[in-house]
Amino acid sequence: MTIVGCSQAPAVDVMGSLFPAWLLCIALGAVFSTVTHWILTRRVINLPFPFLIYPCLGAVYAFTIWLAFY
């Protein structure tokens, strides 16, 4: 009988070092959030509360990447 919670934690091999997968997801979420900010400012779309929307958008991206790949 195998229990999923007792398996090894997901890790990503980066140049010989193992990093936790959640760290990669957070970094990619921040990058995608920055790209989204750049796209919206190029199209002159102003958001009402950018200090609240962009961190939440980064979290949504990070959670989506986690669900898609892990």
Side-chain angles (χ1 to χ4, degrees):
M1 181 173 157
T2 60
I3 299 174
V4 176
C6 294
S7 66
Q8 287 185 327
V12 179
D13 186 17
V14 177
M15 296 175 58
S17 296
L18 291 176
F19 288 98
W22 58 266
L23 192 62
L24 180 66
C25 291
I26 289 174
L28 286 175
V31 168
F32 289 152
S33 180
T34 304
V35 169
T36 303
H37 172 67
W38 181 77
I39 290 170
L40 290 177
T41 50
R42 296 273 298 170
R43 294 181 182 243
V44 191
I45 298 173
N46 295 325
L47 299 176
F49 297 107
F51 58 88
L52 182 64
I53 291 177
Y54 289 117
C56 291
L57 191 60
V60 167
Y61 284 142
F63 296 150
T64 304
I65 293 168
W66 178 265
L67 287 174
F69 294 109
Y70 300 103

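Note that this is a predicted model, so its numbers are computed, not measured. Side chains included, hydrogens not; waters and symmetry mates left out as well; all remaining heavy atoms used.
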query: Partners of Leu67 by side chain to side chain contact (heavy atoms under 4.5 Å, CB included), sequence neighbours excluded?
result: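 Partners of Leu67 by the side chain to side chain contact (heavy atoms under 4.5 Å, CB included) criterion come out as none, since no residue qualifies.
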Should [X] and [Y] be regarded as members of a common hydrophobic cluster, given that ILVMFWY residues are connected when their side-chain heavy atoms come within less than 4.5 Å of each other, either directly or indirectly?
{"X": "Ile26", "Y": "Phe69", "value": "yes"}
{"X": "Trp66", "Y": "Leu23", "value": "yes"}
{"X": "Leu28", "Y": "Val60", "value": "no"}

task: State, to 0.1 Å, how close Cys25 and Ala62 come at their nearest heavy-atom pair, and which atoms those are.
output: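 That would be O-CB, 3.5 Å.
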- request: Measure the spacing between OG1 of Thr34 and CD1 of Ile39 and express it to the nearest 0.5 Å.
  value: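 It comes to 11.0 Å.
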query: Hey, does Val35 have a side-chain heavy atom less than 4.5 Å from the side chain of Tyr61?
result: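 No, too far: nothing below the 4.5 Å cut-off.
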- request: Test side chain to side chain contact (heavy atoms under 4.5 Å, CB included) on Thr64 and Phe32 and set out the steps.
  value: CA-CA 11 Å; Thr64 304; Phe32 289 152; over 6 Å; no
message: Would the distance check show the side chain of Ser33 and the main-chain N or O of Leu57 forming a donor-acceptor pair, the cut-off being under 3.5 Å?
response: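 It does not hold such a pair.
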